[in-house]
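Notes to accompany the following structure.
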Amino acid sequence: MTTTVRIPDDWPATEDQARAVQDELRGRVVLGEPGPPPGTGHVTGVDVAYDDDRDLVAAAAVVLDAGTLEVVAEATAVGRISFPYVPGLLAFREIPAVLAALGALPRPPGLVVCDGYGLAHPRRFGLASHLGVLTGLPTIGVAKNPFTFTHEPPAAPRGSSAPLLAGAEEVGRALRTRDGVKPVYVSVGHRVSLDNACAHTLALTPAHRQPETTRRADALCRRALAEATGAGEYVA
DNA sequence: GCGACAG
DNA sequence: ATCTTGTCGC
């Protein structure tokens, strides 16, 4: 099902306001829990696509059976863009749409896998952290780029990893999900340990670099955006 | 001050 | 993220 994105009245309008929100919410992140075991229950991927010219955003949430990776449920949301893209403030652009899609699901999401960062963030409060605090759900971030962080190249075999570093602080892990292919960048969101986040990521990547959750959500939100644009119902 | 910078 | 064709390879 597709719902409409609603932007809260108190949503930040400036970068300073957005950073202040991050500084305030950061203390509510829970890092002491291992999180759900890989391979059981449900795992949900979320992703967002944009049409800046038409001020349109589309989000998707796809629930997979963690054992079989088959799609169990999905939902989409379409609406207006809530914030410009600013490095470090991605969550303010993605979260209203993601919350709408998650809210439209017919069943609980279980672990949520985000396309971006959690702890690996300039203020240690990326998209996955933010989404976790707002929903209370266990979340992790799996990103395609190292952002400003550094790491040694992991060994070639799938499953190899290297610490993702902010100076001397380990903020995540560069994790090889396919032999000899560029790693993905895993970081903790809310209520999941880094070891468990990496185990989940490996369980979700039987054939591709990116987790099946992210791949399914990416395809679905693109389709939702194309349909919204084509039908014209949300065009300003 | 100048670049770099998740999606 | 998005603009964009064909092409090489499993």
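No experiment lies behind these values; they were computed from the predicted model shown. Chain naming here is simple, since letters A, B, ... match the order of the sequence lines and numbering starts at 1 in each.
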Output the single nucleotide from dA6(B), dG7(B), dC5(B) whose closest atom is nearest the side chain of T148(A).
dC5(B)

Expressed as a whole number of angstroms, how long is the span from I81(A):CD1 to dT2(C):P?
10 Å

Within less than 4.0 Å of OP1 or OP2 of dC5(B), is there a side-chain N or O belonging to N145(A)?
no

Output the rounded distance in Å from CZ (R19(A)) to P (dC5(B)).
18 Å

May I ask you to decide whether E74(A) forms a salt bridge with R216(A), counting only side-chain N to carboxylate O separations under 4.0 Å?
no

Separation of dC3(C) P from D53(A) CG (nearest whole Å)
9 Å

Contact list please: residues 121-137 of chain A against DNA chain B, heavy atoms, distance less than 4.0 Å, in numerical order.
H121(A), G126(A), L127(A)

Does A120(A) reach a base, just sugar-phosphate, or nothing at all? Heavy atoms under 4.0 Å.
nothing

Grab the stems for DNA chain C, please: at least three consecutive Watson-Crick or wobble pairs, both distances below 3.5 Å, written as range with range.
none

What's the CG-P distance between D52(A) and dT2(C), to the nearest Å?
9 Å

Salt-bridge test for K144(A) and D115(A): reply yes if a basic N is under 4.0 Å from a carboxylate O, no otherwise.
yes

Do V21(A) and F92(A) have side-chain heavy atoms sitting under 4.5 Å apart?
yes

Hey, does L89(A) reach any base, or is it just sugar-phosphate, or nothing, if we go heavy atoms under 4.0 Å?
base

Evaluation steps, salt bridge (charged side-chain N to carboxylate O under 4.0 Å, His left out), between R19(A) and D23(A):
CA-CA 6 Å; R19(A) 289 189 198 95; D23(A) 289 335; over 6 Å; no

Would a line drawn from the ring center of H121(A) to the ring center of F147(A) be shorter than 6.0 Å?
no

Could you please name the option among dG7(B), dT2(C), dA6(B) that lies closest to any side-chain atom of L225(A)?
dT2(C)

Tell me the interatomic distance from I95(A), atom CD1, to dG7(B), atom P, rounded to whole angstroms.
15 Å

Which of dG7(B), dT2(C), dA6(B) is nearest the side chain of K144(A)? It is dG7(B)

Can you see if the side chain of R93(A) gets near the phosphate of dA6(B) - specifically, an N or O under 4.0 Å from OP1 or OP2?
no

Length of the CZ-C1' vector between F147(A) and dG3(B), whole Å:
14 Å

For G141(A), answer base if it contacts any base atom (sugar-phosphate contacts may also be present), sugar-phosphate if it contacts only those atoms, and nothing otherwise; contact means non-hydrogen atoms under 4.0 Å.
nothing

Are R93(A) and Y50(A) in a cation-pi setup, meaning NZ or CZ lies under 6.0 angstrom from the ring centre and within 45 degrees of the ring axis?
yes

Would you say the base of dG7(B) stacks on Y85(A) (centre-to-centre below 5.5 Å, plane angle below 30°)?
yes

If you take all heavy atoms of D51(A) and L225(A), which pair is closest and at what distance?
N-CD2, 4.0 Å

Please state how far atom CG in D51(A) lies from atom P in dG7(B), giving the value in whole angstrom units.
20 Å

Using the side-chain heavy atoms of R222(A), tell me which of these nucleotides is nearest: dA6(B), dG7(B), dA1(C).
dA1(C)

Please determine, by modelled atom types, if R123(A) and Q22(A) share a side-chain donor-acceptor pair under 3.5 angstrom.
yes

Does the distance from a Lys or Arg side-chain N to an Asp or Glu carboxylate O, for D55(A) and R80(A), drop under 4.0 Å?
yes

Heavy atoms only, 4.0 Å cut-off, all strands: where does D47(A) land among base, sugar-phosphate and nothing?
sugar-phosphate

Could you give the CZ-to-P distance, from R54(A) to dT2(C), as a whole number of Å?
15 Å

Polar contact flag, side-chain donor to acceptor under 3.5 angstrom, R173(A)-S187(A)
no

